[in-house]
Amino acid sequence: MGMDQVGGHQRSPFDSVRAMAHDDRSDGPWPTLEPTELDLDEWRRSLLARLELLTPSQREAVEHISGPMLVLAGPGSGKTRVMTHRIAYLVAHGVPAWQIVALTFTNKAADELKHRIHQLVPGADVWAGTFHRFCGRLLRRYANLVGLDESFTIYDRDDQKRLLKESVRLAGVELFHYTEDQIGQVIGHVKNRSFDPQQALEELGDPLSALAARVYPVYARRMIECNAVDFDDMLIHVARLLAEQPDLRRTLDARMRYLLVDEYQDTNSVQYAIVRALSVDHPNLVVTGDPDQSIYGWRGADITNILEFERDFPRAKVVRLEQNFRSTQRILAVADQLIANNQRRRHKALLTSNPEGSPVRLTHYPDHRDEAEQVAEHIAQRIAAGDRRANDFAIFYRVNSLSRSFEMALRKRSIPYQVVQGFEFFERREVKDVLSYLSLLINPRNDIAFERVVNSPARGIGKTTVEKLRQHAADQRLPLLDVARSATTIPRLAARSAKLAQKFAQLIDSLSLKVHQSVEEILGLVLSESGLREALENTDATEGEDRLANIDELLNAAREFDEAFVDREGESPLESFLEQAVLASDVDALETETERVTLMTLHAAKGLEFPSVFIVAIEDNILPHARAKSDEAQLEEERRLLFVGITRAREELHLSRAHYRTQRGSVTPTAPSEFLLELPRESMECLDLGVDGHFRLRGRTQRARGDEDFHGGVDGEGFHVDRQAWDAYDGVDELPEDWDRQRSDETVVTTDDDAVDFDPDSWDSSAPSGAASVGRGPASSNSTPQRPVRSKVAPSLVAGKLQTAAQMAGEEGEAKKADPESFRFKQLVLHPEYGTGTIVALSGSGAKRVATVKFVSHGEKTFRLAFSPLTPIG
DNA sequence: TACCTGGGTTTTTTT
DNA sequence: AACCCAGGTA
């Protein structure tokens, strides 16, 4: 659930829960089509009229009734429209709505789909939901077939981690140099790819997997004992059911006769197994997707599912939606060039009849702060000028942690914004504690919840007591709550502790009698009876207040949930509430109507669109993320991620990067993302604001980290730049040659037009040219300055053929800078910010040559000479 | 038992 | 910079 703010004031993060509660009516597993009061003929006529508005290929997809179909839908090609219209078309042709199931990945997408279906086919209760909800529903019904009780709990990541930790202990495996997290990762990896994780782990066979293979069965057993599932289990159980129970499979296949799967490129093999099993007798399976937008490989999404759909279903119809209705020509040109760099891909056209639009802007800011400030400033000005509203803008980034500076900059200007998924509301401790109480009421076997709340608030049941309870529970194979209830019979447990444990059990028991009351009532009872509220009220000042505010928020959500709750088959509202709380995601909370700037990760941006989009921090190790550069497949996924971001933009696209970025508390120089080199310059306008601020930052770094510890050399440890990208990039970096001498505010703009104005005299043609000579390999021992040197480009040499920065880089020249080796002990030097000083210490060579300078008025500082703005005097 | 402090670790993306 | 955990202390 995202934190949602307006100028710093928190808004309810529960909108999605609310929305879902409202929609719950249509969320039933197999709803029937209610006879509408509409004039059917009239409705059919209007539908036909609507079909006239579609493109031929859209129409072809819409009018497909039975049999498998693959819809390859490029970005902005009207995919959702096709899906909804097809559903309407099916209904118009007499298909009962309850036979239609549409599966999506996010609740947001599902809600959108439902909404639009309702508009198109009033009264048709088509089942639309996420894979997880769908499986959750099935699993509640068939829980007993997999050893669960229908009141099972869905464990979130935190719960899951706790159970895993316990399982590692229980399995008695020696972790050696591995960590629990690693074990968890391996298990998670396997569960995303197979519905027989045990076997898959054994097949992997490496030492870590072997360990995981010993932990996994314990984990799986504990899950069942706790009457719980994790996210993956929800899918896995259903996949297994379908595989192992032919009768059930047949029944469900017949029932869900028309299956639609959105974002098919993001399905993993478990989801594939489910979809496949439901499309055997009635293979009316329609999948839509775009291989170029596959960005969930890391969680097992298997792009071959979509690439090989036709092999799976040889008779499948394939429809391509290639016309883009969203973006300008220039934006699409950028997207198209970029994605063309992926090797593992089928060519796909991106066509549009939209206007050319304004150039895509690429800006290099000095540091992250400038980036944030100027983005915010741009937005502020556009809003002030009245040509845009706040909700026209979105800022996308690769990792959540990058949102901070933008939040600050926006807040400073009182621009309302929303962060989609800042941090999880439901994962905050106090909220999670309350939810754990609730969960324990419904599922008394939920040991994780028990452990979580047994001493929260403190009631004297400490570690030792819990350990003994746990021990006993493990011996007797009983849930902790049961053990606590009869704690006095446990040998070696102090009488006082046993009493307290018993008292706790009684508390839970008495609360669980109220389980069928409204969520708000139970919540209130839990808060007062457990002493939680009191404890929070007694904790001091700010923190306690925040927590109380969160609790109040939870109460609000409960109330609103109650109001919207529709009783279905005697299901308890509480159970429903809890399920929604875990499955609610952050993207769901997105508000598109209200006037706010939207901040989110590139992943979350999928499926959305905005008139004006900023994609920030397009830097090496961030946009191809440092952990995603190891192999080509991952790199291509990163490229697709940028592609997804770019194609969200309707009219304006701003790409940016900062020369210096603060991450994890330290300032490091950055290299531009290699993807930037792949973009077509003729559709762009590039602007480099230089490294002004660099000196200031350098100073800060020195102060923060001490002398010898300066961090950030190109060859320094912990900072790996792709030298070639850097150098190649420098060809278009356009800083004046003497950039290090002037703290210029001057900016340099390159467009194709500027190329004509190039002054060959300012280009040092004697410098080596060509990428090979620019890149300084380890072998080069000459005295070339190691600082990535800025230089002017010689675009006129290749006029008319300019394509990408990478190509231009081949034509670059170099400028000179003081050679690090030329500095001497006691040398007088000049620093643009600190003034004059004397070198008092020198060490290292090349890029690592470091000098300590004693300044007249700023004390001692240490510099890497290759990168420093120091100039020798005399 | 609870709180405090220091040290070590961390963030890729999410249902 | 922010968070979590361990270990020490009240």
Side-chain angles (χ1 to χ4, degrees), chain A residues 1-2 16 103-110 129-136 154-158 160-161 165 179-181 185 188 191-192 229-236 263 266-268 270-271 294-301 368 396-405 408 420-424 426-429 455-466 496-497 500 535 539-540 579-588 600-606 617 621-630 634 637-638 640-642 644-645 661-667 704-705:
Chain A
M1 186 64 40
S16 62
L103 297 177
T104 63
F105 277 80
T106 62
N107 294 304
K108 173 87 191 157
T130 63
F131 267 100
H132 285 86
R133 271 172 186 283
F134 176 72
C135 291
I154 301 167
Y155 275 0
D156 67 10
R157 268 237 326 310
D158 183 62
Q160 200 183 337
K161 214 172 144 186
K165 209 170 165 179
T179 64
E180 273 146 7
D181 280 345
Q185 273 168 29
K191 287 175 98 169
N192 271 308
V229 294
D230 61 28
F231 290 137
D232 302 325
D233 289 335
M234 296 176 77
L235 307 181
I236 288 175
E263 309 280 14
D266 285 329
T267 48
N268 64 28
V270 182
Q271 288 159 332
S294 165
I295 53 175
Y296 286 99
W298 51 274
R299 67 170 214 218
H368 72 110
F396 302 151
Y397 33 77
R398 175 66 235 263
V399 295
N400 284 117
S401 61
L402 290 167
S403 72
R404 261 195 119 80
S405 35
M408 271 158 38
V420 176
Q421 195 202 218
F423 42 102
E424 303 272 327
F426 289 111
E427 285 175 11
R428 283 180 222 190
R429 206 176 69 215
N455 201 32
S456 160
R459 46 173 76 86
I461 306 178
K463 261 198 191 131
T464 2
T465 311
V466 172
R496 183 174 155 276
S497 304
L500 290 169
T539 51
D540 51 331
E579 177 167 327
Q580 304 212 3
V582 247
L583 291 182
S585 84
D586 311 294
V587 197
D588 310 331
M600 62 179 137
T601 63
L602 286 161
H603 281 89
K606 193 162 67 162
N621 287 330
I622 292 185
L623 192 32
H625 192 270
R627 297 221 206 166
K629 299 204 304 182
S630 51
Q634 287 190 59
E637 181 157 310
E638 296 288 304
R640 289 195 292 267
L641 199 47
L642 181 55
V644 166
R661 187 164 300 277
T662 309
Q663 273 197 311
R664 280 199 219 130
S666 67
V667 183
R705 306 194 53 109

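Residue numbers begin at 1 in each chain, while the letters A, B, ... track the order of the sequences.
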- prompt: Does a side chain donor of either A:K463 or A:N455 reach within less than 3.5 Å of an acceptor in the other side chain?
  reply: no
message: Does a side-chain N or O of A:T464 approach OP1 or OP2 of B:dT1 to a distance below 4.0 Å, or not?
response: yes
task: For A:R157 and for A:G462, locate the closest nucleotide of DNA chain B by heavy-atom distance; then report the residue assigned to the nucleotide nearer the 5' terminus.
output: A:G462
message: Whole angstroms only, please: what is the NZ-C1' distance between A:K161 and B:dT10?
response: 11 Å
- prompt: Within a strict 4.5 Å, meaning less than it, do heavy atoms of the A:Y155 and A:V582 side chains meet?
  reply: no
message: Would you measure the distance from the C1' atom in B:dT13 across to the matching atom in C:dC4 and give it in whole Å?
response: 22 Å
- request: Using atom CD of A:E579 as one end and atom C1' of B:dT15 as the other, report the distance to the nearest whole Å.
  value: 12 Å
field: A:I461 CD1 to B:dA2 C1', straight-line distance once rounded to whole Å
entry: 16 Å
message: Can you measure A:Y296 atom OH to B:dT13 atom P for me and round it to whole angstrom units?
response: 11 Å
field: Sugar-phosphate, base or nothing in reach of A:S497, heavy atoms under 4.0 Å
entry: nothing
field: A:L641 CG to B:dT11 P, straight-line distance once rounded to whole Å
entry: 18 Å
field: Toward the 5' end of DNA chain C, by each residue's nearest nucleotide, A:K463 or A:R404
entry: A:R404
- prompt: With ring centroids as reference points, do A:H603 and A:W298 lie under 6.0 angstrom apart?
  reply: yes
- request: State which of C:dA1, B:dT1, B:dT15 makes the closest approach to the side chain of A:T106.
  value: B:dT15
field: Contact under 4.0 Å: A:N455 side-chain N or O vs B:dT1 OP1/OP2
entry: no
- request: Would you indicate what A:F131 reaches in the nucleic acid, counting non-hydrogen atoms under 4.0 angstrom: base, sugar-phosphate, or nothing?
  value: nothing
d(CG, A:L402; P, B:dT11) in whole Å: 14 Å
- request: Would you classify A:F231 as touching base, sugar-phosphate or nothing, given that sugar-phosphate means primed atoms plus P, OP1 and OP2, and contacts are heavy atoms under 4.0 Å?
  value: base
- request: Please tell me which of A:D181 and A:H132 maps to the more 5' nucleotide of DNA chain B, matching each residue to the nucleotide holding its nearest heavy atom.
  value: A:D181
query: Given B:dT1, B:dT14, B:dT13, which nucleotide is nearest the side-chain atoms of A:V399?
result: B:dT13
Atom-to-atom span, CD1 of A:I236 to P of B:dT15 - whole angstrom: 18 Å
Residue-phosphate contact under 4.0 Å: A:S666 side-chain N/O, C:dA1 OP1/OP2: no
- prompt: Quick one: does A:E637's side chain have a donor or acceptor within less than 3.5 Å of a partner on A:G297's backbone?
  reply: yes
message: So, does A:N400 get its side chain near the phosphate of B:dT13, meaning an N or O under 4.0 Å from OP1 or OP2?
response: yes
message: What's A:A458 touching, base or sugar-phosphate or nothing? Going by heavy atoms closer than 4.0 Å.
response: sugar-phosphate
- prompt: Does the side chain of A:N107 come under 3.5 Å of the side chain of A:R133 through a donor N or O and an acceptor N or O?
  reply: yes
query: Over how many whole Å does the gap from A:N192 atom CG to B:dT14 atom P extend?
result: 14 Å
task: Return the nearest nucleotide to the side chain of A:H625; candidates are B:dT11, B:dT15, B:dT13.
output: B:dT11
statement: Minimal heavy-atom distance between A:N268 and A:V270, with the atoms involved, is OD1-N, 2.9 Å
